[in-house]
Amino acid sequence: MEPSLSYSYSQSAVSEAVVDQLRRTRGWVLFFSVMLWIGAVFLCLGGLAMVGMGLFAGAAGAMGEQMAQEFAAIGGMAVLGAVYFVMAVFYIYPAVKLSKYAARIRDLMNAPAEQSLVAALNEQRAFWKFVGVMMIVMMALYVVGVVVAVVVAGVAGAAAAAGGTGSM
């Protein structure tokens, strides 16, 4: 949580050109906010579908040797469904921030004061801060994924070479 900053606002109104530029972006901000909300809903529905398919597969599975495979499939579907729900959560925060940004732009259009402009820019800052942090996290995950892939490929190659699977 960021410390509360105290600003001194001038009593002058924000120029009409500034308000106009932000007004012209408001529609796109709302569009992306709605798209993020729709994406979150679809991810939640996909997560429910994955969990449901796993449960259905488990209920329809045969008894005996296939039981272990069925339970593994159920677990895999449940994990995949949980990943979908986590991804949906990561869509919701930026959707909220963009919605608030659009609302602050509307407030600025209604009362073009510096305080309204600062409030709008604060919501925009919070959105971009989240996007930046997520970009850093994703880049780190990509690096880890490449390293893991290289190590797994190296281990598999070494195991194949040690096993004498090469042809002569």
Side-chain angles (χ1 to χ4, degrees), residues 1-59 71-150 152:
M1 192 155 196
E2 295 185 13
S4 177
L5 299 175
S6 176
Y7 296 106
S8 62
Y9 300 102
S10 70
Q11 297 300 321
S12 63
V14 176
S15 77
E16 189 177 319
V18 170
V19 174
D20 184 57
Q21 288 300 316
L22 287 174
R23 180 193 55 77
R24 293 169 61 189
T25 65
R26 186 172 180 269
W28 289 108
V29 170
L30 283 171
F31 171 75
F32 279 102
S33 177
V34 168
M35 290 294 104
L36 285 168
W37 281 112
I38 290 171
V41 168
F42 278 129
L43 284 169
C44 287
L45 291 175
L48 285 173
M50 292 292 173
V51 171
M53 287 189 298
L55 293 175
F56 179 74
F71 280 124
I74 292 169
M77 295 297 266
V79 168
L80 190 57
V83 168
Y84 273 50
F85 286 120
V86 169
M87 288 171 44
V89 168
F90 287 111
Y91 275 50
I92 292 171
Y93 181 79
V96 167
K97 285 298 162 187
L98 287 177
S99 295
K100 287 183 176 182
Y101 177 45
R104 299 299 79 82
I105 292 172
R106 184 192 61 236
D107 294 345
L108 179 66
M109 290 165 38
N110 293 334
E114 185 178 354
Q115 189 170 3
S116 299
L117 176 61
V118 171
L121 293 175
N122 186 52
E123 297 298 341
Q124 183 187 52
R125 177 204 52 80
F127 168 79
W128 285 113
K129 180 180 176 182
F130 178 81
V131 170
V133 168
M134 290 308 300
M135 181 64 70
I136 292 167
V137 168
M138 292 305 298
M139 299 280 282
L141 288 175
Y142 287 145
V143 169
V144 168
V146 168
V147 169
V148 167
V150 168
V152 168

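Scope of the values below: all heavy atoms of this structure, side chains included, with no hydrogens, waters or symmetry mates. Everything quoted here is computed from the prediction, not taken from an experiment.
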Provide the closest heavy-atom pair for Val14 versus Val19 in the form atom of the first, atom of the second, distance. CG1-CG2, 4.1 Å
So, taking the atom named CG in Leu108 and the one named CG in Leu22, what distance separates them when rounded to the nearest 0.5 Å? 6.0 Å
What pair of heavy atoms forms the shortest contact from Leu30 to Ala102, and how long is it? CD2-CB, 3.5 Å
Arg26: partners by side-chain hydrogen bond (donor to acceptor under 3.5 Å, both in side chains), with sequence neighbours left out: none
Taking all non-hydrogen atoms of both residues into account, name the closest pair between Phe85 and Cys44 and its distance. CE2-O, 3.5 Å
Within this structure, what is the CG-CD distance for the pair Leu117 and Glu114, rounded to the nearest 0.5 Å? 7.0 Å
Are the side chains of Leu36 and Phe90 in contact, using a 4.5 Å heavy-atom criterion? no
Phe130 atom CZ, over 12 foreign heavy atoms within 6.0 Å: yes
Non-hydrogen side-chain atoms of Asn122 and Tyr101 separated by less than 4.5 Å: no
Here the gap from Leu121 atom CG to Ile105 atom CD1, rounded to the nearest 0.5 Å, amounts to 8.5 Å
Once you round to the nearest 0.5 Å, how far does CE of Met87 lie from CZ of Phe42? 14.0 Å
Is the number of heavy atoms from other residues, nucleotides or ligands within 6.0 Å of CD (Gln21) greater than 12? yes
Only pairs at least two apart or in different chains count here, so list each side chain to side chain donor-acceptor pair (under 3.5 Å) that has a residue in residues 80-98. Lys97-Glu123
Check whether more than 12 heavy atoms from other residues, nucleotides or ligands sit under 6.0 Å from atom CZ of Phe32, and answer yes or no. no
Can you give me the closest heavy-atom contact between Ala88 and Ala40, atom names plus distance? CB-O, 3.6 Å
Mind checking whether Arg24 and Asp20 have side chains closer than 4.5 Å, heavy atoms only? yes
Measure across Ser33 and Leu98 and return the closest heavy-atom pair with its distance rounded to 0.1 Å. CB-CB, 3.8 Å
Contacts of type side-chain hydrogen bond (donor to acceptor under 3.5 Å, both in side chains), residue Arg106, not counting sequence neighbours: none
Are Phe127 and Val131 close enough, and set up right, to give a side-chain contact (heavy atoms from CB on, under 4.5 Å), and what steps lead you there? CA-CA 6 Å; Phe127 168 79; Val131 170; 3.7 Å; yes
